[in-house]
Amino acid sequence: MPDTRFITEFDQYLFGQGTHYDLYNKLGAHPMTVDEEEGVYFAVWAPNAAAVSIVGDFNEWDENATPMERLEPLGIYQIFLTEIKVGDIYKYCVTAQDGKKTLKADPYGFQAELRPNNASVVADISDFKWHDSRWMKKREKFDDKKNPMFVYEVHPGSWKKHEQTEEDEDGFYNYREIAHELAAYVKDMGYTHVELMGIAEHPFDGSWGYQVTNYFAPTSRHGSPEDFQYFMDYMHEHNIGVILDWVPAHFPRDAFGLAEFDGTCLYEYADPRKGEHPDWGTKVFDYGKTEVQNFLICNALFWLEHYHVDGLRVDAVASMLYLDYGREDGQWVPNIYGGNENLEAIEFFKHLNTIVKKRNPGIVMIAEESTAWPKVTDKAEYGGLDFSLKWNMGWMHDFLEYMKLDPYFRKYNHTKMNFAMVYAYSENYMLVLSHDEVVHLKCSMIEKMPGSYEDKFKNLMAGYAFMTGHPGKKLLFMGQDFGQHREWSEKRELDWFLLDKEPNRHLQAFVKELLHLYKNNKCLYEYDCYPEGFEWINADDGDRSIFSFVRHSESGKSNMLFVINFTPVERPDYRVGTTCRRKHTLVLSSDDKKFGGTGKRRPKEYKPAKKECDGRKYSFRYKLPAYGVAVFKF
């Protein structure tokens with residue numbers, strides 16, 4: 001009777017159909033005992049190769065010493081070796097039809113060497129003892145539309161670093177160290193989730209993890225697969241969700257990677273007009289091949305199910321959807337209907353999102369999609385792509401353009417801040433101020449702000465308050481919550497020393513207050529995706545550059561009124577309309593001393609009078625400071 005731990009005919013059938021969702025349990029390197037002998041089972045897909053052998057220290061990297069057996073009909077090569085063990089390094093020697101030999105890392109390998117080395121490492125990832133059952137049970141009921149999500153985007157290699165020495169040139173934290181310090185910071189600040197940039201193995205630090213060579217291997221910069229399991233477990237034990245950036249759009253040309261894996265374009269489109277990104281110099285996955293779809297979908301499931309990851313932020317979705325993305329006329333091939341839509345990528349997304357959500361209730365699939373492609377977050381059965389959330393790039397661009405302006409000119413650009421509400425419910429959105437906005441000479445958030453040094457901080461407080469009150473889930477990149485001055489660089493840690501300065505501490509304290517306010521008040525998140533949850537009080541006060549709006553709760557109780565002044569002009573006689581006569585309690589004032597304000601005493605409670613203002617029957621007066629933020633609960 002054949003050993004079902006090896007590749008079976010049924011495995012090949014499912015793989016050929018693109019529905020072998022646990023394929024990583026068969027392809028790759030798997031330690032096991034066969035006939036009372038300990039060893040490792042290897043299997044790799046290379047249908048167009050003339051031959052495949054396995055090489056490593058165990059056979060002195062002899063390309064001819066250890067040939068693998070070919071299985072038909074899919075061209076999977078397999079071997080069981082007793083002379084190899086956990087921790088050993090290996091590669092596949094793939095011989096193309098023309099006789100050319102190339103050493104390849106394992107596409108399904110669970111661990112890889114630290115760059116500049118690039119061999120795969122035999123790993124046993126089955127023994128970790130998880131302690132997050134309570135979190136995983138609770139996750140099944142998570143509703144990405146109605147639950148709070150304020151995400152802290154983190155690049156693990158530069159959030160914090162050890163002192164860089166000759167012995168430790170990189171100064172990278174281990175996953176276990178990151179877990180303890182990051183969980184403490186995130187919990188104290190009040191974020192609900194962290195999003196990790198580029199955790200899958202990649203050879204070039206400057207790619208930030210967006211050019212992946214080992215899709216199943218957590219980067220060895222921060223330790224072993226077990227160390228990463230510890231990170232996930234620890235975050236969950238502290239009630240922090242973890243989202244990973246995931247890159248199914250493209251992969252690099254490195255000879256040891258997926259490019260021309262078996263001597264042919266196996267994972268990528270063969271036609272360079274479809275299979276290469278001119279702007280990025282990378283290869284594009286062939287979404288028309290069921291085996292390639294299977295590779296990507298089972299990889300997504302691998303992170304979500306094996307590592308207990310809570311969601312994926314899918315990178316560069318627009319580049320996958322449009323055949324002419326980043327290409328000039330003549331550089332792309334229309335689809336069968338003559339259009340520029342990649343029909344195969346559309347079907348891939350529908351397949352991916354439906355199966356991932358079906359198998360893992362409560363996980364979040366987020367699209368980084370920068371165009372007006374319709375129905376990104378609509379159900380597949382209604383013609384949508386079935387993502388949970390979409391990054392709101394339109395809001396981000398308008399918001400930043402407005403915030404950069406000298407306050408005098410903001411009155412002429414008032415619609416940049418209220419336009420997003422015109423389309424706010426066309427998709428389920430996440431508002432993002434990500435790493436992309438603070439690199440490549442775009443300046444850090446604090447340095448984008450106009451005015452004096454002091455005014456920059458007040459401006460940013462007003463901006464963050466507007467973001468927190470605006471419908472949509474939220475994401476903020478590391479360092480921007482305390483006013484990082486320099487642009488972000490992966491080569492150094494954040495400028496934590498800035499917290500020795502009062503303005504930075506005040507900004508951090510303000511963001512912390514916003515985060516806890518957000519997390520502790522349902523009106524700020526449970527109706528994010530429903531028009532009933534938001535109401536403008538005055539969207540058109542352009543001359544004074546003041547915005548006022550209400551966030552409603554589902555119950556109708558504990559609503560919040562936001563008033564935000566985007567100029568350095570004090571409004572001592574300011575009157576704001578409101579929706580009812582209930583008492584309004586001031587729950588956040590940017591004028592508090594702990595935020596660098598004047599600290600002037602002001603009433604905590606305001607009783608609206610029956611006096612028309614902002615088109616409302618009721619209103620009350622509030623002394624609105626320059627760049628003032630006031631949030632009232634009623």
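- Ring planes of Tyr41 and Phe6: parallel class, angle under 30° (limits at 30 and 60°).
- In this structure, the ring of Phe295 has its center less than 6.0 angstrom from the ring center of Tyr215.
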Stepwise side chain to side chain donor-acceptor pair (under 3.5 Å) test for Asp168 and Thr165:
CA-CA 5 Å; Asp168 183 9; Thr165 62; 5.4 Å; no

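- Residues Leu103 and Glu63 have side chains in contact (heavy-atom distance under 4.5 Å, counting atoms from C-beta outward).
- Between Trp159 and Trp488, the distance from one ring center to the other does not fall under 6.0 angstrom.
- Between Tyr267 and Trp45, the two ring planes are perpendicular [angle over 60°; tilted spans 30° to 60°].
- Ring orientation note: the planes of His180 and Tyr230 are close to parallel, at an angle under 30° on the 30°/60° scale.
- A ring-ring contact (aromatic ring centres under 6.0 Å, His included) with Phe228 is found for exactly one of Phe128, Tyr234, Tyr175, namely Tyr175.
- With a 4.5 Å cut-off on side-chain heavy atoms, Gln211 and His250 count as touching.
- Checked against a 6.0 Å centroid threshold, the rings of Tyr173 and His162 count as neighbours.
- Residue Arg221 forms a salt bridge (charged side-chain N to carboxylate O under 4.0 Å, His left out) with just one option from Asp227, Asp170, Asp205, and that option is Asp205.
- There is a side-chain donor-acceptor pair under 3.5 Å between Asp106 and Tyr92.
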Determine, stepwise, if the pair Phe482 / Trp496 fulfils ring-ring contact (aromatic ring centres under 6.0 Å, His included). CA-CA 9 Å; Phe482 64 78; Trp496 294 103; 5.1 Å; yes

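- Counting all heavy atoms, side chain and backbone alike, Val356 lies closest to Leu301 at CG2-CD2, 3.9 Å.
- For the residue pair Asp481 and Tyr185, a side-chain donor N or O sits within less than 3.5 Å of a side-chain acceptor on the partner.
- Nearest heavy atom pair, residue Val55 against residue Asp62, reads CG1-O, 3.4 Å.
- Counting only N and O atoms by type, the side chains of Asp254 and Thr213 include no donor and acceptor under 3.5 Å apart.
- Sorted by first and then second residue, the side-chain hydrogen bond (donor to acceptor under 3.5 Å, both in side chains) pairs with a member in residues 434-445 read Glu153-His435; sequence neighbours excluded.
- Contact annotation: the side chain of Met467 never approaches that of Leu514 to less than 4.5 Å [non-hydrogen atoms, C-beta and beyond].
- Between Arg253 and Glu276, at least one side-chain N (NZ, or NE/NH1/NH2) sits under 4.0 Å from a carboxylate O, which counts as a salt bridge.
- A salt bridge does not link Asp495 to Lys501: none of the charged nitrogens lies less than 4.0 Å from a carboxylate oxygen.
- The closest donor-acceptor contact from the side chain of Lys104 to the backbone of Val94 lies at 3.5 Å or more, if one exists at all.
- A ring-centre distance under 6.0 Å is found for His30 and Phe110.
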